[in-house]
Structure formats: C-alpha cells, structure tokens
**Student:** 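Submitted below is the structure of interest, expressed as structure tokens.
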Amino acid sequence: MILSIQDVVKRYSSHVALDRVSLEIPKGKIFGLLGPNGAGKTSLIRIITQITAPDEGQILFDGEKLSSKHVEQIGYLPEERGLYKKMKVGEQLIYLAQLKGLSRQEAVTRLKDWFIRLDIKEWWDKQVDDLSKGMQQKTQFISTVVHEPKLLILDEPFSGFDPINANMLKDEILALKDRGTSILFSTHRMESVEELCDSIALINHSKVVLTGEKDEVRNRFKAHQFEVLFEGDLTQDLNGVDLISLEMLGNQSSKKAVFKLQEAVNPNQLLGQLIPQVQIQKFQELIPSFNDIFIQVVNETN
Amino acid sequence: MDKILLVIKREYLTRVSKKSFWIASLVAPLLLTAIYAVPIWLATRDKEVKQVAIWDGSGLFEQKDLADKEIAFQLLKGDVSQIKKTFDKQGFDAFAAIPVDILKNPQGLKIYSEKNLSLSLKNDIERMVQDKVREILLRNAGISTVKYKETQVDISSDTITVSKQGAETTSSSGGAMILAAILGFLLYLTLLLYGSQVMNGVIEEKSSRIIEVIISSIKPYQLMLGKILGVGMVGLTQFLLWIVLTVGLSTATSKLYKAPSRMATIANTSNSEELKQSVAKAESSAQPMEELNKVIESTNIPLILGSFFFYFLFGYLLYSSLFAAIGSAVESAAEAQQFTFPVMIPIILAFILAQFTMQDPDSNIAFWASIIPFTSPINMMVRLPYGVPAWEIILSMVLLVGGFLACSWLSSRIYRVGILMYGKKMTWKEISKWVFYKG
C-alpha cells in the first residue's frame, strides 16, 4: 500500500469534512477518488499533501507515518491551477522542482528532457502570462511530475485540456503508472474513471460509501440483467425471469429485450428457455456504468 | 531551512530583476543630489549677459560703477521718453530710469522692457541701484562702508550637552532635528512601501492559485517567512544603493563645485563682488548640509547606523507579518484596502507622534512612543540623535523583538487558514476565529 488512511477525521467550525475515513491505496495502480462536490475529497487530498492536518486518525505513506519528509515523494496537481504569472516558464519550473528537493542542476536536466519530449522547447524563456491556458496546464503538469514522485495526486487533471492534449495527458499518466508511480485520481468524469482507474472509492457526506477494485465494484452492482437481440416471437412465459423491456429495432424483424433473472436462475437457464422460441442474434449481460453506480450510491446515501 | 532560502532567493531575485527597482534606486539619489547641487550650479554657471540701458537723472552713477558679470549696463544720456521708444531697437533687454531724487524717493526707479522682465534681472538692477544709493546715504551720514559691513554680523550658536559625569559633547539641535527627521521619514516610508509589497506578494500567490502547489511542498510559515525576509533584503539592498549612490554623487558634485581652488579662480578672474556674494549664497544654502555634517561628527555614528538597521529590520518584520496576514485573508488588492487601514493607523500615528518627539525628545510622549513596539521604530530613531539613555534603548529593542514574535505568531495563524479561503466575504470576526483553528 502506498497510502493507508486510517480513521481520519477533519472538523471545521461549521461542519465535519471527513468522518472516520479509512482507505487503502495500492502501489503502482490508479486509484479513483470519486464523490459529489463538497463530499470531502479536497479535504482528504489536503491532508495527504500535508497542507492541513487531520484532527484524528493517521496516515501511513509506504508503511511509515506520513511526515514532512514525504513531501518530496508526492506530486500534486490541484484542481485550481496556478503559476506565477510574471515568471519565466523555465525558472518557475526549476523553482518548483527545487522546492520538491531536486538540486538546481538535476532540475534543469530533467526539465530540458521533458521540454524536448513534449516539443515545447521554445516556451522555456517565455513568461507564463504569454502562454495559452492549455500551455499553462501542460507546464503545470510537468511541475507535478518532474521530481518523479512515488505518489501522484491529480485533481480533475483533464479539465481545461482540449481532446488532443487530454489524450497526450492520458498517455503520460499511463506511462507513469507503467514506471511504478501510484496515482490518486480525483474526478467527476466517470468516463475517465472507466478508462483509467484500477480501483475506486466513493465519498459522500464526509464518509467513504463505496470502495473496491473497478471490476469487482461493477460486479457488485450488476442487476442480473441481460440484453437479448433476437428474431421471432416470444410465445411462452419464462420461468424465474422478468421481462423489463421489449422494443422493435429499426429493421422490424429484430427485437431487443432486457430480462432480469431472479435469484437462483443462471443465464444458461434463460438461454435454454429462449432457444426453442426465437433466433438469438446477441446475448450479453448488462454491466452498470460508473455513471449509474455513482448516481445510485449517492442517491442512496443522501 | 534550505527551502526558506529558496523562497528568499526567488522573492529577492524577481524583485531585484525588475526595471522599476533600478529606476527607484537611481532616481532617489539623483533627486537628492540635484536638490543639493542645482542651487550651486545655478549660482556659478555663466549666464547670458543681459544688456541694460540706464538713464541717470540723479547724476550719482558713473559708468565705472556699473560693473556686473551678468548684466552689461550702459549709461545713456538724452531724453527719457526718446530712449523708452528706442532702447529695444538698440539691442537692450531693459531700460532703467533713475529719477533725479532717487536719494529721497527710493521707490522712484522705473524699469522698462519689451518683454516681461525676469525677476532675477529686476532684482539685479534694483540691488545695483540700492547698493549705490546706500553707499551715498551712509557716506552722507558719516559712516564708512567698511564700518557698515562690520555691523552685519550673523549669530549662530553651538549647543553643548553636558552629561551627568560632566562630559561635554557639542551638538547641534538644528542638525539633530534634520538627521532625526530624515531617519524617521525613511523608516516610515519603508515600513509602508515594503509592508505593502509583502501583502501584494501574498495576494498574488493566492489569486493566481499557485499557493496550493507551494504549500504542498513547504509549510505556510516557511513561505511567509521566506517572502518577508526576501522582500526585506530587497529593502536593505535599496537602502545600500541609495546610501552609496547619494554619498558618491554628492561627493562628486561638491568636489566639482566647492573645491576651494576652483572657487578662488572664479572669484579672481571675475573680480566681482557680485559673484563672490552669489558663491557665498550658494554656500549658505548648503548650510543645512554642513549642520548635518556637524551632527554626524558629534553623534555616535555606529550607534545610529546599528540602531537604524535594527529598527528597520524588526519594525519591518513586525509590520510586514501583519501585512502578510491581511494579504492572505483577501483575494484582490482592492479588497485588501479596507483591511490595511488598522495596520496603517499605528504607522501613521507613529509618524505623527514623531513630530512631537522631534520638538521635545525628552517628553513623556516621546518616551512612550519610543518604547511601545508599534511606534518605537520611527520614534526611537527620531530621538537617538539627541541622546537617549542606554536602558531605554535596550528596553525599546527588547519590546520590539517581543512585539515582532507576537505579531508573527498571530499572523502565521491567520495566514495558514487565509491562503486557502476563497469565495467568502471576510470580516474581522471571521479572521479572528482563524487564530484558534487547529492544524
């Protein structure tokens, strides 16, 4: 485990931001931290980045109690991006890298590599003010990873990126994962959760309401529903199966039905009842999307 | 610790590499030198020689009396109304008609000119006539010109402070006042100037949102301290530049204008009473400078400089930490204005109290103003040239350091909460709550 968050409580004067939050964040994986606005994600991230301290509980970083020496092993890209506007890009990145413990020389070498790799050499002596928003985002991403942190915390990393740059960023994130970086990824955008995350945790109203590996969570939310495409007519009743919906498809001959299996009925039994009646063209289990899971869980826990 | 150094370095270099810093560093010494040098330059430069025609109805003036370096006088005979019409065509800048009864009617002098007469030319003509008339009046009264000059004495005094042990130090209260005023004003200016620079720096970090990245690398108090020290060093650098440049420039200019050999040459070659007078005038206009030199010789310079450094440093640290706290609580410079007022009040109050301190450096007001941390930097600097007992200086310094520690503790409590607060309307009540927040 790169992070082991144990019973963390954070109270503000008017409300409790984190209420006994415990999470295990595995090494070398992408961990999605999900939750609606105001759920407590930012409070948790600020405790991990040691911007604030928890009122109760503790956090272990790679097995050790989280302390200021771990600052250099964490890279943090906050949701609200920002750089010194009146500073040159190169100097600024060197400064931020030095704050993360790199020597000036080391910082220059690594940054030059990044600038060559992303083909942005000509930005080095530009003032941040003169860069477009997307360019600033790229610059800030470099500042987050240049010290090669063990743990990378990305808060809504794709906001403000155009599709091409978003793709580039995604590739960089996956490349970092391949090199063993653990990534904590906080977002609202469920499609990037499906695409990138290995595990997730959902926080609502200051509490962890759902956690697990992505596929395992999805399995947990499977409603035992199957979508069947077929030709012909269903004439007999099906045992232990409820028909949820039935619709004609555009070409008139095909139909699409959704069945929900009752307890103790398996898909083979459904198939067995269908085959004598109709010509099956497609048979698949309906897997819930994270969008559905998110909405369902948040509504249940509100 | 080395991270604080990184912050200090950044704060220092970004400010020192700005053009505005160098402009301010150059312009102030140039202005100071100009104030000092321009009167001398004006007095000694070669002016364009003005042509003035004189019609002397009294018959007291002869051509040989009318020597002046800046004005070429020429006695004309004839009809006044005729000359009035033609003097400008003859190439004269002005025409002075001296009435017949000038001795009885000193207001009777009339000066004509085509264009508006310059004030200095008018004065010069009047003085020339006045000197001659006075000379004649003195002679008529039986007083020799030499005797008269001897009566023109100029009284100036040396004030001497006698310590309890009976040791005497020559002091000059006029000069002490000037030195005190300069030091006090300098401190006042820098507290405001660099204090608000710290505040704007904090606001910049907060409004550009870089703050969250920075404080995920270093502790908020490290950032605050680094910023305060970095800006403070910019202030010290500027002082150093000001002192070196001002001393350098004014020494250079005074060498140029006040070297005795050169003065003698001017006086000799021109051989004119007028010029000697004007040089003397220039010297007397530089008299405050000499007074100042006298104080500088009579006071304990290491003490003054050391104290100035100390009071600048801790006064600045105290106020700038408060400014940093205010900067952290707001999101824009405009919003900051309403909150800076309570911090400005003690600075302005200290400056006002300094006027009283200057008038009576041993009064109760002066004592308390130079002891209480918020007003002591300015007021103690004002008092120092007059002589202050050691225990008072030590007490004042100890209290100032204590005041700084208290203020920076308070400020860092506010700062660490404030920098992460967005979109809230700040009130003093809200800010005071932050002091007691945990973690």
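Quick note on labels: first sequence line is chain A, next is B, and so on, each numbered from 1.
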**Student:** Applying a heavy-atom distance below 4.5 Å, give me the residues of residues 188-208 of chain B that approach chain A, sorted by number.
**Tutor:**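 Listed by number, the contacting residues are B:E204, B:E205, B:S208.
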
**Student:** Do A:Y76 and B:E212 get their side chains close enough for a donor-acceptor pair, meaning under 3.5 Å?
**Tutor:**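 Distance-only check passes for A:Y76 and B:E212.
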
**Student:** Taking CD in A:Q105 as the centre, count heavy atoms belonging to other residues, nucleotides or ligands within less than 6.0 Å. Is the count above 12?
**Tutor:**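 Check fails, neighbour count at 12 or below.
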
**Student:** Taking everything shown except B:Y422 itself, do over 12 heavy atoms lie less than 6.0 Å from its OH?
**Tutor:**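 It does: B:Y422 OH has more than 12 such atoms within range.
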
**Student:** With chain B as the partner, which of A:P54, A:S143, A:G75, A:P78 has the greatest number of non-hydrogen pairs under 4.5 Å?
**Tutor:**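 That would be A:P78.
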
**Student:** Under 4.5 Å heavy-atom distance to chain A, tell me which part of B:V7 shows up: side chain, backbone, both or neither.
**Tutor:**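 For B:V7, the contact with chain A is made by backbone and side chain together.
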
**Student:** Is there a side-chain contact (heavy atoms from CB on, under 4.5 Å) between A:R81 and B:V213? Walk through the geometry before answering.
**Tutor:** CA-CA 9 Å; A:R81 313 293 154 68; B:V213 174; over 6 Å; no

**Student:** Is the number of heavy atoms from other residues, nucleotides or ligands under 6.0 Å of B:W22 CH2 greater than 12?
**Tutor:**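 Counting other residues, nucleotides and ligands, CH2 of B:W22 stays at 12 neighbours or fewer.
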
**Student:** Listed by residue number, which members of residues 85-93 of chain A have a heavy atom under 4.5 Å from any heavy atom of chain B?
**Tutor:**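 Against chain B, the residues of residues 85-93 of chain A that fall inside the cut-off (heavy atoms, under 4.5 Å) are A:K85, A:M87, A:Q92.
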
**Student:** With B:S217 as reference, evaluate A:I51, A:L96, A:L99, A:I74 under the side chain to side chain contact (heavy atoms under 4.5 Å, CB included) test and give the passing residue.
**Tutor:**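 Filter result, single survivor: A:L99.
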
**Student:** Is it true that, when you exclude A:K29 itself, more than 12 heavy atoms of the residues, nucleotides or ligands shown sit nearer than 6.0 Å to its NZ?
**Tutor:**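 For A:K29, atom NZ is not crowded (no more than 12 foreign heavy atoms under 6.0 Å).
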
**Student:** So B:K3 and A:E72, salt bridge (charged side-chain N to carboxylate O under 4.0 Å, His left out) or not? Walk me through it.
**Tutor:** CA-CA 12 Å; B:K3 287 194 179 167; A:E72 295 171 2; 3.5 Å; yes

**Student:** Sort B:K219 into side chain, backbone, both or neither according to what part of it lies under 4.5 angstrom from a heavy atom of chain A.
**Tutor:**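 Just the side chain, heavy atoms under 4.5 Å.
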
**Student:** Working to the nearest 0.5 angstrom, can you tell me the gap between B:L6 CG and A:I94 CD1?
**Tutor:**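 Nearest 0.5 Å value for the CG-CD1 distance: 11.5 Å.
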
**Student:** Apply side-chain contact (heavy atoms from CB on, under 4.5 Å) to residues A:Y84 and B:I214 and explain how you reach the verdict.
**Tutor:** CA-CA 11 Å; A:Y84 287 109; B:I214 305 276; 3.9 Å; yes

**Student:** Are there over 12 heavy-atom neighbours, none belonging to B:F309, within less than 6.0 Å of that residue's CZ?
**Tutor:**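 Open: at most 12 neighbouring heavy atoms sit under 6.0 Å from CZ of B:F309.
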
**Student:** As a quick check of understanding, evaluate side-chain contact (heavy atoms from CB on, under 4.5 Å) for A:R46 and B:L420, giving each step before the final call.
**Tutor:** CA-CA 10 Å; A:R46 283 186 180 167; B:L420 292 172; 3.8 Å; yes

